[in-house]
Colleague: 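This is the structure I want to talk about, given as structure tokens.
Everything numeric in this text was worked out from a predicted model, so none of it was measured. Side chains included, hydrogens not; waters and symmetry mates left out as well; all remaining heavy atoms used.
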Number of protein chains: 2
Amino acid sequence: MVKSIMQISSRFTVALHIFSCVDTFKDEYKVTSDFLASSINTNPVIIRRILGQLKNAGLIEVARGTGGVTPTRPLAEITFYDVYKAVDPIEDDELFHFHENPNPECPVGRNIHNLLNEKLESIQRAMEDEMRRYTIEDLHEGMEKLLAEEA
Amino acid sequence: MVKSIMQISSRFTVALHIFSCVDTFKDEYKVTSDFLASSINTNPVIIRRILGQLKNAGLIEVARGTGGVTPTRPLAEITFYDVYKAVDPIEDDELFHFHENPNPECPVGRNIHNLLNEKLESIQRAMEDEMRRYTIEDLHEGMEKLLAEEA
DNA sequence: CAAGTTGTAATTACAACGGTTACTTCTGTT
DNA sequence: AACAGAAGTAACCGTTGTAATTACAACTTG
């Protein structure tokens, strides 16, 4: 039995978790990598690496020495797509992967890439466009609602 | 420099390549795993493994002993989604991956999964729906056109 | 300066992927 | 019946991505 687990890395959902924590706890606690690691149940270094990727992408600022995370723009202007691109950089931005060097002497081999390219791009675009529909602000609202229901 | 290569495995595009070869060469050659491996430029065993997955998914029949691949239904009824599901089986069908065991004592930790689930499902659905729009028949037509342009 | 925190390198363990060899099983032909 | 060609499959291997962990340097504030 073949058991493949081709999933998008957990960095993406961890990054969304981070944003949600920062938003929820920013006034109440100092949101450090240790704090976040405890909520997510992982190692602080994992968190720092993801924070570094979000910082490199210009989505947040991280206070060195003192600790703390600050988004660089309104939460409604940070989409799931921004976060995904920040933590899951893909070579050439291509979600799909061709086998290298198909046989150029085979009519199919030398045309398959061309034939598939447009279709695969539209599939990738469909996913990414849907990712652009959701923002960190949506997370903020959704979490408030869930917490209100808990009370 | 972070170099992540989170791509969908080449099995998917290789499987599409296989279908295109079978369709193009079925009357002219005996399309064996060796033949396919030569067009794709890989090892015959790799091809056989993928043929096995396509067979298990009920998309093709493979002639043991004599060799040869036959789709089990009209090419217009085999979608990219069918092929993708056949060769890239994902645990629980979930494209996105959560970190295990977030802290249940943290309000965010115990609600994040619930909060994200619906949104992530819609992203995955967007991709899969677009995959369903393309069929092996489209490959057939596209390849004929490209080959006509070559002549 | 001391304490707390981020940044980061180095290492480990594990799993997926693609490749390869070798062998068994099957099928049609001679 | 034997043979040849081909699929099926097990057993490896090397490479790479992921997540975890330790250790330590760099930074910031009190």
Colleague: Identify, with sequence neighbours excluded, every residue that meets side chain to side chain donor-acceptor pair (under 3.5 Å) alongside B:Asn43.
Modeller: none
Colleague: As an exercise, state the distance from CD1 of B:Ile50 to CG of B:Leu16, rounded to the nearest 0.5 Å.
Modeller: 10.0 Å
Colleague: Hey, can you pull the residues of residues 33-48 of chain A with a non-hydrogen atom under 4.0 angstrom from DNA chain C?
Modeller: A:Ser33, A:Val45, A:Arg48
Colleague: List the residues meeting ring-ring contact (aromatic ring centres under 6.0 Å, His included) with B:Tyr81, not counting sequence neighbours, and say none if there are none.
Modeller: none
Colleague: Whole-Å distance between C:dT6 C1' and A:Ile50 CD1?
Modeller: 15 Å
Colleague: How does protein contact run along nucleotides 25-30 of chain D, one letter per nucleotide 5' to 3', with B for base contact, S for sugar-phosphate only, - for none, heavy atoms under 4.0 Å?
Modeller: -BBS--
Colleague: Hey, does A:Tyr84 have a side-chain heavy atom less than 4.5 Å from the side chain of B:Ile123?
Modeller: no
Colleague: Measure from the side chain of B:Arg11, starting at C-beta and using heavy atoms only, and say which of D:dA20, C:dT6, C:dC17 lies closest.
Modeller: C:dC17
Colleague: Please state how far atom CG in B:Asn56 lies from atom C1' in D:dT9, giving the value in whole angstrom units.
Modeller: 13 Å
Colleague: Within a radius of less than 6.0 Å around CD of B:Glu118, do more than 12 heavy atoms belonging to other residues, nucleotides or ligands occur?
Modeller: no
Colleague: Give the rounded distance in Å between these two atoms: CZ of A:Arg49 and C1' of D:dA20.
Modeller: 8 Å
Colleague: Using the closest heavy atom to pick a nucleotide of DNA chain D for each, name whichever of B:Gly68 or A:Ser10 lands nearer the 5' end.
Modeller: B:Gly68
Colleague: Any salt bridge between B:Arg11 and B:Asp88, counting N to O under 4.0 Å?
Modeller: yes
Colleague: OG of B:Ser9 to NE2 of A:His97: how many Å apart, nearest 0.5 Å?
Modeller: 8.5 Å
Colleague: Distance alone, cut at 3.5 Å: any donor-acceptor contact between the side chains of A:Glu77 and A:Thr135?
Modeller: no
Colleague: Does a donor on one side chain sit under 3.5 Å from an acceptor on the other, for B:Arg132 and B:Thr79?
Modeller: no
Colleague: Once you round it to whole Å, what is the distance between C1' of C:dT6 and CG of A:Leu54?
Modeller: 14 Å
Colleague: Tell me: CD of B:Glu61 to P of C:dC26, nearest whole Å?
Modeller: 17 Å
Colleague: Verify the contact: side-chain N or O of A:Lys30 to OP1 or OP2 of C:dG4, cut-off strictly under 4.0 Å; return yes or no.
Modeller: no
Colleague: Round to the nearest Å and state the distance from A:Tyr29 atom OH to C:dG4 atom P.
Modeller: 19 Å
Colleague: Under 4.5 Å between any side-chain heavy atoms of A:Ile60 and A:Phe19, yes or no?
Modeller: yes
Colleague: Does D:dG8 have OP1 or OP2 under 4.0 Å away from a side-chain N or O of B:Lys55?
Modeller: yes
Colleague: Calculate the interatomic distance between B:Ile60 atom CD1 and D:dG8 atom C1'; express it in whole Å.
Modeller: 13 Å
Colleague: Give the residues of residues 99-107 of chain A touching DNA chain D, defined as any heavy atom closer than 4.0 Å, sorted by residue number.
Modeller: none
Colleague: For A:His97 and C:dG18, give me the distance from atom NE2 to atom P, rounded to whole Å.
Modeller: 6 Å
Colleague: Which salt bridge (charged side-chain N to carboxylate O under 4.0 Å, His left out) pairs, counting each pair once, include a residue from residues 141-151 of chain A, with sequence neighbours left out?
Modeller: A:Glu150-B:Arg110
Colleague: Less than 4.0 angstrom from a charged side-chain N to a carboxylate O is my criterion; do A:Arg133 and A:Asp138 meet it?
Modeller: no
